[in-house]
Amino acid sequence: MKTIIPAVKGTREFYPEQMAVRNYLAEKARQAAHAFGYQEWDGPFLETIDLYAAKSGEELVKEQSFVFQDRGGDLVTLRPELTPSLARMIAARQNELVYPLRWWSFGPFWRYERPQKGRSREFFQWNVDMLGVNSPEADAELIAVAATFMKSVGLTPGLARIFVNNRRLMDARFEALGIPPEMRLAVSNLVDRRNKMTPENWEAYALEQGLSRQQLDGLKSLLADKDLWQTWDELVRLFAALEALGVREYVEFDPNIVRGLLYYTGTVFEAFDLSGGVRRAILGGGRYDNLLADVGGDPLAGVGFAMGDVVIGIVLEENGLLPPFVPTPAPVMVTVFDETHWLDSLRLAAQLRQAGLNVTCYPEPAKLPRQFKFADKMGMRVVLVCGPDEAAAGQVTIKDLQSGTQNQVPRPEAARLIREILERA
RNA sequence: GUGCCCAUAGUUCAAUUGGCGGAACGUCUGACUGUGGAUCAGAAGGAUGUGGGUUCAAGACCCACUGGGCACCCCA
């Protein structure tokens with residue numbers, strides 16, 4: 001009896017309070033995507049491991065995926081990301097889809113990682129993608145969708161910001177520094193871990209990776225140059241478009257943004273939480289122009305981003321930006337005065353539902369204080385009492401729990417008067 | 001997958017050198033037989049995460065496991 005089977009490590013249990021947060025995030029994501037005309041879609045939760053082998057990066061496939069053998073002996077994977085599924089589904093119907101294609105999705109993903117704060121093995125991710133357009137203006141639109149979401153949940157540019165870079169720009173600069181193509185990945189990783197090491201260690205590590213002293217100095221000044229974007233036409237156009245889209249204040253150029261996924265080819269961006277002590281990545285994305293061709297489709301340009309629900313949830317919680325939790329979806333409760341008035345209460349509740357209200361009825365006769373206490377704890381706004389007095393007069397008592405006032409009114413008027421109370425703030 | 005830290009009531013935390021496990025909040029009951037929140041009074045609630053070991057004696061010390069956190073790694 002006392003033995004409880006624990007939940008699987010790294011999974012999450014959504015009690016109504018957490019479910020409300022998840023739904024809130026999903027709803028805000030939906031609104032932002034719909035504001036820009038994106039269509040909702042989804043892929044399978046189970047995929048073959050081969051789908052990810054091509055482009056997702058070795059680490060993700062080999063060490064961070066849930067892989068199982070099914071009863072037929074085939075290996076199946078709980079999806080660790082969505083973009084490969086997107087690429088396949090588009091490739092399969094490449095000639096019948098309407099372009100430019102704007103799709104969004106919000107669903108569960110799994111990664112076999114060591115859980116810690118802001119990272120679980122089971123999480124929800126919002127994905128937004130545009131395919132069929134290759135332009136900085138398209139990149140800007142994706143960033144604008146992200147910024148629109150951030151704004152809608154109360155994140156100001158002071159609390160969180162989107163940092164942008166461009167892989168082609170960096171490649172050109174690496175080229176100019178005489179860093180050969182085969183060293184680019186190592187250099188990217190180097191850039192990625194810069195703020196995690198002391199300057200001395202980082203430089204030593206850089207030299208160890210094969211950079212010359214001169215190249216290292218060149219790299220350092222490159223990474224410090226916040227105006228570098230002005231030398232790159234794509235980024236000049238990107239920022240002009242962001243300005244026009246009204247989200248320029250959320251975006252900043254940062255040559256240190258690299259991103260690990262291999263399929264990005266141009267613009268890359270990452271939103272960070274600036275409100276706390278550590279910079280935490282809220283969302284990330286970029287342009288991937290080769291992905292379709294890589295999964296066997298015709299070449300098709302794409303740009304997109306993904307946001308996990310865990311970090312954003314923590315950031316909003318820590319900044320007091322989550323909406324207050326209202327336990328019940330029914331703001332109205334009918335009390336049950338006693339056994340003889342029980343069915344009358346059920347009738348009243350049914351009438352009010354018929355009138356379009358969400359109404360709960362206390363499930364049994366009980367002392368009124370208990371019933372009122374219950375209504376209060378469940379966050380209800382209106383409590384109805386129909387006892388002997390009301391029944392004799394064909395009336396009902398309506399109490400507004402927020403103001404504490406109550407009135408006894410004819411029953412046919414109840415629905416209208418309740419609605420009036422609910423519409424008051 | 002590596003290193004370090006943590007685990008006591010539903011929750012957040014106490015418990016001297018190893019010596020009878022406490023408080024706050026929450027919950028329940030009553031003050032209040034037709035009315036929630038506030039206040040007051042009372043009550044319930046624990047094999048101290050699991051399994052072993054040391055000891056006359058373990059919440060405390062040792063080992064393993066499980067879970068969580070931090071840093072790597074990676075990323076949402």
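Quick note on labels: first sequence line is chain A, next is B, and so on, each numbered from 1.
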Quiz item: Over how many whole Å does the gap from A:Arg121 atom CZ to B:G67 atom P extend?
Solution: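 Rounding to the nearest Å, CZ of A:Arg121 and P of B:G67 are 8 Å apart.
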Practice problem: Would you kindly give the CZ-to-C1' distance between A:Arg119 and B:A76, to the nearest whole Å? | Solution: 10 Å
Which part of the nucleic acid, if any, lies within reach of [X] when heavy atoms closer than 4.0 Å are counted: base, sugar-phosphate only, or nothing?
| X | value |
| --- | --- |
| A:Pro115 | sugar-phosphate |
| A:Lys399 | base |
| A:Ile312 | nothing |

Quiz item: Does the side-chain ring of A:Phe123 lie flat on the base of B:A76, meaning centres under 5.5 Å and planes less than 30 degrees apart?
Solution: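 Stacked: ring centres under 5.5 Å, planes under 30°.
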Quiz prompt | Cation-pi check, A:Arg121 onto A:Tyr112 ring (under 6.0 Å, within 45° of axis) | solution = yes
Quiz prompt | Ring-face cation contact, A:Tyr264 with A:Arg167, 6.0 Å cut, 45° max | solution =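 A:Arg167 over A:Tyr264 ring: no.
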Quiz item: For B:C70, what is the paired nucleotide under Watson-Crick or G-U wobble rules, both distances under 3.5 Å?
Solution: B:G3
Practice problem: Using the P atom on both, measure B:C6 against B:A14 and round to a whole Å. | Solution: 12 Å
Self-check item: Atom P, compared across B:U27 and B:G37: separation rounded to whole Å
Solution: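 Their P atoms lie roughly 10 Å apart.
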Quiz item: Should A:Glu203 and A:Lys220 count as an ion pair when the cut-off is N to O under 4.0 Å?
Solution: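 Answer for the salt bridge query: yes.
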